[in-house]
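One structure is given here, and the rest of the page talks about it.
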Number of protein chains: 2
Amino acid sequence: MPKLVAGDIATALRKRISSGEWEDRIPPERDLAGEFGVARNTVRRAVGLLEEDGTLVRQVGRGTFVAAADPNSMAAAFTRMEGTSPADMMEIRLLLEPAAAGFAATNASAGELNAVRDAYQTACEATDMPEFEHWDAEFHHRIFACSRNEFLKELHNLMRILRNQSPWFEMKKRSFSEERRQTYCVEHEAILDRLLRRDPEGARAAMLAHLQTVAKNLLGR
Amino acid sequence: MPKLVAGDIATALRKRISSGEWEDRIPPERDLAGEFGVARNTVRRAVGLLEEDGTLVRQVGRGTFVAAADPNSMAAAFTRMEGTSPADMMEIRLLLEPAAAGFAATNASAGELNAVRDAYQTACEATDMPEFEHWDAEFHHRIFACSRNEFLKELHNLMRILRNQSPWFEMKKRSFSEERRQTYCVEHEAILDRLLRRDPEGARAAMLAHLQTVAKNLLGR
DNA sequence: ATAGATTGGTTCAATATCGGTTCACTACAG
DNA sequence: CTGTAGTGAACCGATATTGAACCAATCTAT
């Protein structure tokens, strides 16, 4: 009785998957066959269709899983992020950091702005590259800290962790020079100035300009 | 019997760890095995998972310990992100998603745009709320997928994972109605239209408008 | 200092469940 | 009659859990 059963079962499954009936693992094919009152081969066809369009993933000996399911594995997301390219991350920094500077200009407390200024000064006075690097990063991080958006702050933290991993290290070394350090100090000062004036639009623009310099130095364009 | 018990135990442990039940040392594997009514090997698998993502550290002859609260660790960053407020996340979505839409308008392949359109149509034709939710999320995700920025895509993934956690679930339920669903469809159509016209600025604006609607519904302003 | 207890590390065989494959058989549509 | 789709069954290989044994590192009490 060719009733196109496989297709019907596929759509039935699709519905029950998107309804969240199965968090990540769907029942074994043999069970589904019983439930739908159909041969296992037929269920296999249906599951095969959903596998082709990426809805399901099958694993021999384990079971069949809904593809989008990341029930627990934020860890997996992190692993994927480790492969982030400098260009991709720079693109995101260009989005987030100017916004953070804007938020900071309106939301920061006086004490927080002092902390930003301290980081700026310490970076300017730094004598070796690692020290400058540290206070440079700290300057940026403290701006995120006064954006008053915890999630934004954590995103910056995330990017910082990723950038502290191996492939980036070499790149930072190559792109560093005394001349650039001075440029960064001047640009940082401009950002700090706008923050202290509580000028969100100016802070945003100054941060954007600074990041464009960084991008040019880092990516060599 | 592939019951995939190890994963469940891992999440149970993760919960009890973040609840502060164990200050630094967790019970011996043999005890945990008894407590969970499971073989020690299975507990070892679970603990192994938590060790991989940096949550636990094992030491022969001493015991298993929760990793020192290193604020610069990925695991710690994720834990902090779990407390993200809807308002904070919405602020970031308003930054990232319009940008993603803009990138998508210029970078997407024809096939990718078809996938976006499919998600849009399926969402419109959805008959129940869970199905709509699923394809709505899929629509947004597929736009990120054609932004051609892997990091951006993963950030969206991250936000999706966070939003699938308990406090958000209730909120989504409350904010859903047939009228809003129709509004979303219209707005999605506008976004899709700009993408198909390869109009980055238009796509960005359409996405921004859509997210402002979502924000209003979600945060009730 | 030594002995014994505790703890994680490793290995193994047995068992059960799962998807992957094949095949002979049946039913229907063109 | 032929091609297509579903049936039912058997068997394969992969994976998970069990239960147990033994090792090696560490700690504790003597």
Side-chain angles (χ1 to χ4, degrees), chain A residues 1-17 21-73 75-76 79, chain B residues 1-17 21-68 70 75:
Chain A
M1 356 169 154
K3 301 171 192 167
L4 304 176
V5 181
D8 299 340
I9 294 184
T11 66
L13 287 178
R14 193 174 269 120
K15 208 155 251 171
R16 291 172 67 176
I17 289 167
E21 178 172 346
W22 300 305
E23 282 299 306
D24 70 325
R25 191 163 93 147
I26 77 172
E29 294 171 351
R30 290 168 174 89
D31 290 6
L32 290 176
E35 187 175 333
F36 285 106
V38 104
R40 178 156 84 107
N41 270 335
T42 308
V43 169
R44 279 189 60 72
R45 283 186 179 240
V47 173
L49 293 175
L50 300 194
E51 190 189 18
E52 274 177 27
D53 72 18
T55 310
L56 292 178
V57 175
R58 294 203 268 203
Q59 288 181 0
V60 189
R62 290 187 43 125
T64 304
F65 305 82
V66 318
D70 308 358
N72 290 318
S73 61
T79 308
Chain B
M1 6 170 146
K3 293 176 188 167
L4 282 2
V5 149
D8 298 339
I9 293 184
T11 69
L13 288 178
R14 199 175 262 119
K15 218 162 244 169
R16 291 171 68 175
I17 289 168
E21 179 171 346
W22 301 304
E23 281 302 308
D24 68 325
R25 188 170 129 164
I26 77 172
E29 294 171 351
R30 291 169 175 87
D31 291 5
L32 289 175
E35 186 175 334
F36 285 107
V38 104
R40 176 156 84 109
N41 267 337
T42 308
V43 169
R44 278 189 61 71
R45 274 187 175 246
V47 173
L49 293 175
L50 300 196
E51 190 189 19
E52 272 178 29
D53 69 23
T55 309
L56 292 177
V57 175
R58 295 201 268 203
Q59 283 180 285
V60 188
R62 287 180 30 93
T64 304
F65 305 83
V66 317
D70 173 12

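In the text below, chain A, chain B and the rest are named by the order of the sequence lines, each starting its count at 1.
- Considering only side-chain N and O atoms, Thr42(B) lies under 4.0 angstrom from the phosphate OP1 or OP2 of dT18(D).
- For Arg44(A), counting side-chain heavy atoms from C-beta on, the closest listed nucleotide (dG6(D), dC18(C), dG19(C)) is dG19(C).
- Interatomic distance, CZ of Arg14(B) versus CZ of Arg16(B), reported as 14.5 Å (0.5 Å rounding).
- Rounded to an integer number of Å, the gap from CD of Glu51(B) to P of dG8(C) is 11 Å.
- Here the C1' atom of nucleotide dA14(D) and the CZ atom of Phe65(A) are 13 Å apart, to the nearest Å.
- With rounding to the nearest 0.5 Å, the separation of CD1 in Ile17(A) from CD in Glu23(A) is 12.5 Å.
- You'll find a donor-acceptor pair under 3.5 Å spanning the side chain of Arg30(A) and the base of dG19(C), going by distance alone.
- A heavy-atom distance below 4.5 Å is not found between the side chains of Leu50(A) and Thr64(A).
- Taking 4.0 angstrom as the limit, Arg62(B) places none of its side-chain polar atoms (N or O) nearer than this to OP1 or OP2 of dG8(C).
- Taking only side-chain nitrogens and oxygens, Thr64(B) comes nearer than 4.0 Å to OP1 or OP2 of dG8(C).
- With dG6(D), dG9(C), dG19(C) as the choices, the nucleotide that has an atom nearest any side-chain atom of Arg45(A) turns out to be dG6(D).
- Mapped onto DNA chain D by nearest heavy atom, Ala39(B) and Gln59(B) fall at different nucleotides, with Ala39(B) at the one closer to the 5' end.
- With rounding to the nearest 0.5 angstrom, the CZ atom of Arg30(A) is 16.0 Å from the CD atom of Glu35(A).
- Nearest to the side-chain atoms of Val60(A) among the listed nucleotides dG6(D), dG19(C), dT7(C) stands dG19(C).
- Rounding to the nearest 0.5 Å gives a distance of 8.0 Å between CD of Glu29(A) and CG of Leu32(A).
- A donor N or O paired with an acceptor N or O is found under 3.5 Å between the base of dG9(C) and the side-chain atoms of Arg40(B).
- Atom-to-atom, CZ of Phe36(B) to P of dT18(D) comes out at 12 Å; the value is rounded to the nearest Å.
- No engagement by Val47(B) is indicated, since no non-hydrogen atom pair under 4.0 Å with the nucleic acid exists.
- Distance from the side chain of Arg58(B) is smallest for dG8(C) among the nucleotides dC18(C), dT18(D), dG8(C).
- Where Asn41(A) and Ile26(A) meet DNA chain C, the nucleotide closest to each residue was compared, and Ile26(A) sits on the side nearer the 5' end.
- Rounded to whole Å, atom P of dA16(D) lies 13 Å from atom CG of Asp8(B).
- In this structure, the CG atom of Leu56(A) is 11 Å from the P atom of dG20(C), given to the nearest Å.
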